[in-house]
S.K.: 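Quick one: the structure is below, and I'll ask about it shortly.
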Amino acid sequence: MVNGNIVEPLCLSVLKRCKNLRSVKQVHAHIVKTGISDAFVTGNLILHCAVLISDALHYAHSLLHHFPNPDAFMYNTLIRGFSDSDHPYHSLTTFIDMRRNSDNSPDSFSFAFVLKAAANLRSYTTGIQLHSQAIFYGLDTHLYVGTTLVSMYAECGWISHAGKVFDKMFEPNIVAWNAMITAYLRCCDVRGAEKLYKQMPVRDLISSNIMLAGYMKFGELQFAKKLFFHEMRLKDDVSWSTMIVGFSHNGCFDEAFDLFVESQRLGLRSNEVSLTGILSVCAQAGAFEFGKVLHGYIEKSGLVWITSVNNALLDTYSKCGNINMAQLVFKRMPGKKSIVSWTTMVAGLAMQGYGEVALKVFHQMEESGIKPDGITFISVLYACSHAGLIDHGDRYFSMMKNHYGIEPTFEHYGCMVDLYGRAGDLQKAYNFITQMPIKPNAVIWRTLLGACSIHGNVDLAEEVQKTLSELDPNDSGDHVLLSNIYAVAGKWKDVLTVRKSMHCQRLTKTPGWSMIEVDKVMYSFVAGEKQNEVTDEAYKKLGEIMLRLRVDGGYVAEVNGSVLHDIEEEEKEDAVATHSEKLALAFGMSRLCDGGVIRIVKNLRVCKDCHTVMKLVSDIFRLEIVLRDRSRFHCFKDGCCSCRDYW
DNA sequence: ATAGGGTTAG
């Protein structure tokens, strides 16, 4: 005869150690055999399946439904599990099920969990219905329920409702205050959040971290750093990560690097968030060597198991132009690949022009059971347009709408315009724009203007520019592009007219910059600058390189595609000669040890002359150059470029 | 046996 009082705690201690559904099922089978499946044990089983391990919610659901009279704990736990799953909607159905088919009244736990689901669904109508039920049960002023209500309304964008709930709470504690401050920040009211922060009776570290993130999010960077972060008496790893991520999002690479190095110097252990943040900086800036150092650190720390860290690493390698390392990270990723992992891999391959491989990875993603979302399809369409796969592009665009039910956004339409335009079918691109169900924005028209530039279609370019000057008259890039199209067509009078109108409107060209990493330090170059030791070194080397290109490569500067055509021929050549990517290249070659790869990141599109120079250099100097420009990667090797001169 | 507030990659 088995004594349940002894077997039960034993089963529960075994259950605690179960990491997957298979082992939970074994324990469950044992429990059934020994006949101890009471409410307590079943409740624990449900808790384990719904909350503690992943991919077992369906089992938790069936456990509840096979139990004669499920208690409130079982229902609450299942509601909780669904609220943070991919299907928060099932929280609501479980809540309704609890009310309809059981004798249990919803308690403060039920409301806290089900409101979380409403928040995750961003469903204001659901939220307000649950709110009215909470009032019915007298739970709307309950500390936990009230706090979740505040968060829910904030998530749905109803700051006034959040405020009303907060004001009705009897004795809001620090957590409730923090929720209310977060609510203001969610709704972009920094001053409101600040006012509340100052009114708080007691603050802890978390309150300060909330405000810190708020200041960073809304661009008050220097205030956040000097007058807030530095003044915080207590800082934890979240404070540091918040700063690093904030600077990264705002494009302040130096500040982010400095803070990361500083935190290391202080002996602080970096967590997965600061690492993903600093890796994102490496990705944006093209800091390959620094990224490799971080990779080594990640391998040694326990962080190698975290999916987000691997995704950031994958993106770093891919944006630094090392697709082999990116693929290696992707292949060897411990743990499950998320939708972000797959999308990042597709985007990385697409950027390098490996359209077919990118599409293959996309199909593997579908086979693995992960459903692509809108961002995945941006990468897929981008892969098609950059590899000239027009039919594929058409197919995936309709697959996205019809098979996956994803509504196209401006970015998807932009990819399609790019797909047709880049391939030379300008008429199709134009028709596509006029037939879009949403009003095309400036970016869409600008894409067509870019295609006009590639294919030298002056008439269409003029028409597009007319539309653009109404939509976004202050974009200097459009004027520059149009004047380039005129220049290539030899219409110098029109070039001058555009130049003059730009001058009258006080529009200046976005300065081009390029960055290159040498010995884990990033150096940036701006066209035409002449000032310090670094640029002196670059100029000196550039002179030597160009001389050799003229002698050994028969090089003659190509100035037609240049942006400076209203100046004298000789000056033109000089201006093109000092484009930032050439300076970065020269500096890299000056500092490079044998057999290295030159990696350059540029903020604008590479110009035609620089492209030619890079090809020649890769041939004559036997060098590999990886250049990331605004739209894609160019890998120069043996005198050829991976873009096949089409960009 | 159950909860609410802070930083996270495409």
Side-chain angles (χ1 to χ4, degrees), chain A residues 12 15-16 39-48 50-52 71-81 83 107-116 119 142-152 154 169 172-183 185 203-214 216-217 236-246 248-249 270-280 283 306-316 318-319 337-348 350-351 372-379 382:
Chain A
L12 289 179
L15 181 65
K16 258 187 204 152
F40 184 78
V41 172
T42 307
N44 266 294
L45 274 168
I46 292 174
L47 175 67
H48 218 84
V51 179
L52 302 177
D71 60 20
F73 177 79
M74 296 179 196
Y75 277 108
N76 290 344
T77 306
L78 196 59
I79 294 168
R80 178 187 177 190
S83 74
D107 55 19
S108 63
F109 291 96
S110 326
F111 278 108
F113 296 138
V114 77
L115 282 166
K116 184 81 189 295
H142 182 280
L143 199 52
Y144 284 72
V145 177
T147 306
T148 321
L149 275 167
V150 168
S151 305
M152 182 275 296
M169 289 170 75
N173 62 1
I174 196 163
V175 181
W177 279 85
N178 286 342
M180 196 56 222
I181 294 174
T182 305
L185 293 173
R203 299 184 200 110
D204 67 8
L205 186 55
I206 292 180
S207 316
S208 304
N209 283 341
I210 294 169
M211 278 316 295
L212 193 62
M216 294 303 282
K217 184 177 165 196
D236 65 359
D237 57 332
V238 176
S239 327
W240 284 88
S241 325
T242 302
M243 294 302 286
I244 292 167
V245 168
S248 157
H249 283 170
S270 25
N271 61 17
E272 76 267 29
V273 181
S274 56
L275 267 168
T276 50
I278 199 68
L279 278 168
S280 158
I306 298 173
T307 304
S308 62
V309 173
N310 278 291
N311 293 345
L313 197 56
L314 164 61
D315 191 43
T316 302
S318 138
K319 289 222 172 82
K337 291 179 180 61
S338 70
I339 184 167
V340 179
S341 326
W342 289 97
T343 304
T344 309
M345 194 67 249
V346 173
M351 265 192 291
D373 64 9
I375 305 173
T376 314
F377 273 102
I378 292 173
S379 303
Y382 181 92

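Chain letters run A, B, ... following the sequence lines, proteins first and then strands; every chain starts at 1. These numbers come from a predicted model, not from an experiment.
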S.K.: Among the nucleotides B:dA1, B:dT7, B:dT8, which one has an atom lying closest to any side-chain atom of A:S241?
M.R.: B:dT7
S.K.: Step by step, work out the side-chain contact (heavy atoms from CB on, under 4.5 Å) result for A:L143 and A:M169.
M.R.: CA-CA 7 Å; A:L143 199 52; A:M169 289 170 75; 3.7 Å; yes
S.K.: A:H249 has a side chain; which of B:dA3, B:dT7, B:dA9 sits nearest to it?
M.R.: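 Comparing B:dA3, B:dT7, B:dA9 against the side chain of A:H249, the answer is B:dA9.
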S.K.: Between A:N173 (CG) and B:dA3 (P), how many Å, whole number?
M.R.: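 Those two atoms, CG and P, are 15 Å apart.
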S.K.: How long is the line joining CD1 of A:I181 and P of B:dT7, in whole Å?
M.R.: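 For the pair A:I181 CD1 and B:dT7 P, the rounded distance is 13 Å.
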S.K.: Among the candidates B:dG4, B:dT7, B:dA1, find the nucleotide nearest to the side-chain atoms of A:N44.
M.R.: B:dA1
S.K.: For A:F109 and B:dT2, give me the distance from atom CZ to atom C1', rounded to whole Å.
M.R.: 5 Å
S.K.: How is A:L143 classified with respect to the nucleic acid when contacts are heavy atoms under 4.0 Å: base, sugar-phosphate, or nothing?
M.R.: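 Answer is base: heavy atoms of A:L143 come under 4.0 Å of a base.
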S.K.: Out of B:dG5, B:dT2, B:dG10, which nucleotide sits closest to the side chain of A:R80?
M.R.: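 Comparing B:dG5, B:dT2, B:dG10 against the side chain of A:R80, the answer is B:dT2.
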S.K.: B:dG5, B:dT2, B:dG10: which one has an atom nearest the side-chain heavy atoms of A:F73?
M.R.: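 Selected nucleotide (nearest to the side chain): B:dT2.
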S.K.: Is there a donor-acceptor contact under 3.5 Å linking the side chains of A:D373 and A:T376?
M.R.: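 Result is yes, a qualifying pair exists.
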S.K.: Please report the distance, rounded to the nearest Å, between CG in A:L205 and C1' in B:dT7.
M.R.: 12 Å
S.K.: Could you please spell out the steps behind the side-chain contact (heavy atoms from CB on, under 4.5 Å) verdict for A:R80 and A:L47?
M.R.: CA-CA 9 Å; A:R80 178 187 177 190; A:L47 175 67; 3.8 Å; yes
S.K.: Could you work out which one of B:dT2, B:dG5, B:dT8 sits closest to the side chain of A:I206?
M.R.: B:dG5
S.K.: Does any donor-acceptor pair link the side chain of A:S108 with the base of B:dA3 at a separation under 3.5 Å?
M.R.: yes
S.K.: In this structure, how many angstroms lie between the C1' atom of B:dT7 and the CG atom of A:L185, rounded?
M.R.: 13 Å
S.K.: Choose from B:dT7, B:dA9, B:dA1 the nucleotide whose nearest atom is closest to any side-chain atom of A:F40.
M.R.: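 The closest nucleotide is B:dA1.
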S.K.: Using whole Å, what does the distance between atom P of nucleotide B:dT8 and atom CG of A:L313 come to?
M.R.: 19 Å
S.K.: Taking any heavy-atom pair under 4.0 Å as a contact, classify A:V245: base, sugar-phosphate, or nothing.
M.R.: sugar-phosphate
S.K.: Can a donor-acceptor pair under 3.5 Å be found between the side-chain atoms of A:S308 and the base atoms of B:dT8?
M.R.: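 Between B:dT8 and A:S308, which were checked side chain against base, a qualifying N/O pair under 3.5 Å is present.
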S.K.: What's the verdict on side-chain contact (heavy atoms from CB on, under 4.5 Å) for A:T307 and A:S341, showing C-alpha distance, side-chain angles and the deciding distance?
M.R.: CA-CA 8 Å; A:T307 304; A:S341 326; 4.0 Å; yes
S.K.: What's A:D315 touching, base or sugar-phosphate or nothing? Going by heavy atoms closer than 4.0 Å.
M.R.: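 Counting heavy atoms under 4.0 Å across all strands, the contact made by A:D315 is with sugar-phosphate only.
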S.K.: When we call it a touch if two heavy atoms are under 4.0 Å apart, what does A:I339 touch: a base, just sugar-phosphate, or nothing?
M.R.: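 Contact class for A:I339: base.
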S.K.: Main chain of A:I244, side chain of A:S248: is a donor-acceptor contact present, judged purely on distance under 3.5 Å?
M.R.: no
S.K.: Checking contacts here: which listed nucleotide (B:dT8, B:dT7, B:dA9) is nearest the side-chain heavy atoms of A:E272?
M.R.: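 Nearest to the side-chain atoms of A:E272, counting from C-beta on, is B:dT8.
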S.K.: Closest to the A:D107 side chain: B:dT2, B:dG10, B:dG5?
M.R.: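 Ranking B:dT2, B:dG10, B:dG5 by closest atom to the A:D107 side chain puts B:dT2 first.
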S.K.: Any base atoms under 4.0 Å from A:T147, or only sugar-phosphate, or nothing? Heavy atoms, all strands.
M.R.: base
S.K.: Taking N and O atoms by type only, does the side chain of A:T376 place a donor or acceptor under 3.5 Å from a partner on the base of B:dG10?
M.R.: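 Yes, a donor-acceptor pair under 3.5 Å.
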S.K.: Flag the pair A:K319 / A:M351 as yes when at least one side-chain heavy-atom distance between them is below 4.5 Å, and no otherwise.
M.R.: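 Counting from C-beta outward, A:K319 and A:M351 do come under 4.5 Å.
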S.K.: If you go through the side-chain atoms of A:D204, does one of them form a donor-acceptor pair with the base of B:dG5 closer than 3.5 Å?
M.R.: yes
S.K.: Please work out if A:D373 contacts a base, only the sugar-phosphate, or nothing of the nucleic acid, heavy-atom cut-off 4.0 Å.
M.R.: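 If one applies the 4.0 Å heavy-atom cut-off, A:D373 turns out to touch a base.
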S.K.: Can you tell me how far C1' of B:dG10 sits from CD1 of A:I378, to the nearest Å?
M.R.: 10 Å
S.K.: Tell me what A:S208 touches on the nucleic acid: a base, only sugar-phosphate, or nothing, going by heavy atoms under 4.0 Å.
M.R.: nothing
S.K.: When we call it a touch if two heavy atoms are under 4.0 Å apart, what does A:T148 touch: a base, just sugar-phosphate, or nothing?
M.R.: sugar-phosphate
S.K.: Nearest of B:dT2, B:dG4, B:dT8 to any side-chain atom of A:V273?
M.R.: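 It is B:dT8.
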S.K.: Quickly work out the A:F113 CZ to B:dA1 C1' distance and round it to whole Å.
M.R.: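 Computing the A:F113:CZ to B:dA1:C1' distance gives 11 Å.
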S.K.: When you look at A:S239 and A:L205, which way does the side-chain contact (heavy atoms from CB on, under 4.5 Å) test go after all the steps?
M.R.: CA-CA 9 Å; A:S239 327; A:L205 186 55; 4.2 Å; yes
